[in-house]
> 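Right, I'll just put the structure down here and ask away after.
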Amino acid sequence: MSNVLVVGGAGYIGSHACLALREAGHEVVVYDNFSTGHREAVLGGVLIDGDVRDSEKLKEALRNYRVSVVMHFAALISVEESVSNPIAYYEANVEGTLSLLSAMVDVGVEVMVFSSTAAVYGKPDYSPMLEDHPTRPLNAYGESKLAIERAFPHYERAYGLRISKLRYFNASGADPEGRLGEAHYPETHLIPRAFNAVLGGPPLEIFGENYSTPDGTCLRDFVHVTDLADAHVRVLRRLQDGGDSDVYNVGTGSAYSVREVIQMVEKVTGQEVPTIISPRRIGDPSSLLAASDRIQNELGWTPAHSNLQEIVESAWRWHQTGWHVGATGDTG
Ligand code: UFG
């Protein structure tokens, strides 16, 4: 088993990955600057308060804890914010990752599992999308992730690194045991925003109802965060067994519309979700649906927890009872 540096390990997906890594017997060193992560989300292992752009601090962490593998989750992730503030996105996602790569090269750590996104694809030519689908991002978030994906082969050739990229579709849900969940401030994601509307917050805005989809709202592929975490452990194992760099879609191959998600939230909460129709959100593709055959066939991964009801039920439990409740005076 390995010492794994989990950069961004206090965030939503990173913290669930830490749980899965520890359950698989790895030692976890969380490195996070808490700009969007939470100390409460670090449930064990070593914790270092540091910025991903601080290459010297990263080197110290890699050396001090004899790290052999890096998982890199630290990033800004809002499609909408990336359109209005691309500087922040290129600095955090491109410059941040370059700093981490430099530290790894200097210290001689050669293996990384990288968080990428379905946003690298843009408007689908066909659906579900395979990993070799053309990449034409519609927003600065997707562009920033693609830019760094494109740097990897050069670092791999020159410095012998091996980096596998996981392109997440819509991460959602919460740890089935209720230890962790989603806590973004402000919250931009559909499911927690629907909960907030149920709990007396502002009505849920439906961003566009005139897309060319069956009910006019966008289609998304929702994958449970616990399944995403399991995907990381499997990809790590493959790299440790000497596997080459690779790229994997992580989704379910089933799409749900925004309206179908709202219906599920109503079923699970037993309450109506107040909604209003708003204009389309800039940078949103109408549909994002994964073909995840590669990770299923090569690594035996399955979206075991990713049916929509289980996703919404686990997220709802967390939304009402997690450590974030009352932490900042609101629940998201
Ligand atoms: N939506 C609403 N109202 C809301 C919030 C969202 O109608 O209040 C809609 C969006 O327009 C979109 C869908 O619900 O059609 C899902 O939106 P999310 O914000 O929950 O998720 P995104 O699909 O925008 O983004 C997620 C990740 C990104 C990733 C993207 C593509 O957060 O990091 O999936 O995989 F890039």
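Atoms within each ligand, like the ligands themselves, are counted from 1 in listed order. The model shown is predicted, which means the values in this text are computed figures rather than measured ones.
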> Report the nearest protein non-hydrogen atom to atom 3 (N) of ligand 1: residue, atom name, distance rounded to 0.1 Å.
Glu205 O, 2.6 Å
> For atom 27 (C) of ligand 1, which protein heavy atom lies nearest, and how many Å away is it?
His189 NE2, 4.0 Å
> Give me the residue, atom name and distance of the protein heavy atom closest to atom 1 (N) of ligand 1.
Phe207 CD1, 3.6 Å
> Can Arg237 and Asp241 be said to form a salt bridge (charged side-chain N to carboxylate O under 4.0 Å, His left out), step by step?
CA-CA 6 Å; Arg237 196 177 302 138; Asp241 288 346; over 6 Å; no
> From the options Thr188, Asn170, Ile206, select the one whose nearest heavy atom is closest to atom 21 (O) of ligand 1.
Asn170
> Which of the numbered atoms in ligand 1 are below 4.0 angstrom from a heavy atom of Cys218?
15 (O)
> When you look at Asp106 and Arg63, which way does the salt bridge (charged side-chain N to carboxylate O under 4.0 Å, His left out) test go after all the steps?
CA-CA 10 Å; Asp106 281 357; Arg63 283 200 193 97; over 6 Å; no
> Measure the distance from atom 35 (O) of ligand 1 to every protein heavy atom, then report the residue, atom name and distance (to 0.1 Å) of the closest one.
Ala118 CB, 3.3 Å
> side-chain contact (heavy atoms from CB on, under 4.5 Å) with Pro137: which of Thr117, Val79, Leu146?
Leu146
> Go through the steps for Ile77 and Tyr12 under the test side-chain contact (heavy atoms from CB on, under 4.5 Å), then give the verdict.
CA-CA 11 Å; Ile77 57 151; Tyr12 172 45; over 6 Å; no
> Between Glu205 and Arg281, is the salt bridge (charged side-chain N to carboxylate O under 4.0 Å, His left out) condition met? List the steps.
CA-CA 10 Å; Glu205 292 180 75; Arg281 199 170 58 174; over 6 Å; no
> With atoms numbered from 1 as shown, which atoms in ligand 1 lie under 4.0 angstrom from a non-hydrogen atom of Tyr141?
28 (C), 29 (C), 33 (O), 36 (F)
> Against heavy atoms of Ala119, which atoms of ligand 1 measure under 4.0 Å?
31 (C), 36 (F)
> Identify the protein heavy atom lying closest to atom 9 (C) of ligand 1, giving its residue, its atom name and the separation to 0.1 Å.
Val258 CG2, 3.8 Å
> Just to confirm my output: which protein heavy-atom neighbour is closest to atom 17 (O) of ligand 1, and how far is it?
Arg281 NH2, 3.4 Å
> So which heavy atom in the protein is nearest atom 20 (O) of ligand 1, and how far is it from that ligand atom?
Leu190 N, 2.9 Å
> Any atoms of ligand 1 less than 4.0 Å from a non-hydrogen atom of Leu288? List them with their elements.
31 (C), 35 (O)
> Look at Arg136 together with Asp125 and state whether they make a salt bridge at an N to O cut-off of under 4.0 Å.
yes
> Would you mind running through ligand 1 and noting each atom that sits below 4.0 Å from a heavy atom of Arg193?
8 (O)
> Carefully, step by step, assess Trp301 and Asp230 under the rule side-chain contact (heavy atoms from CB on, under 4.5 Å).
CA-CA 8 Å; Trp301 178 81; Asp230 174 51; 3.4 Å; yes
> Checking a contact table here: which protein heavy atom is nearest atom 30 (C) of ligand 1, and how many Å away?
Thr117 OG1, 4.3 Å
> Donor-acceptor pair, distance only, cut-off 3.5 Å: does the side chain of Ser164 make one with the backbone of Val113?
no
> Does His232 form a side-chain contact (heavy atoms from CB on, under 4.5 Å) with Leu166? I'd like the steps, not just the answer.
CA-CA 8 Å; His232 285 78; Leu166 276 69; 3.6 Å; yes
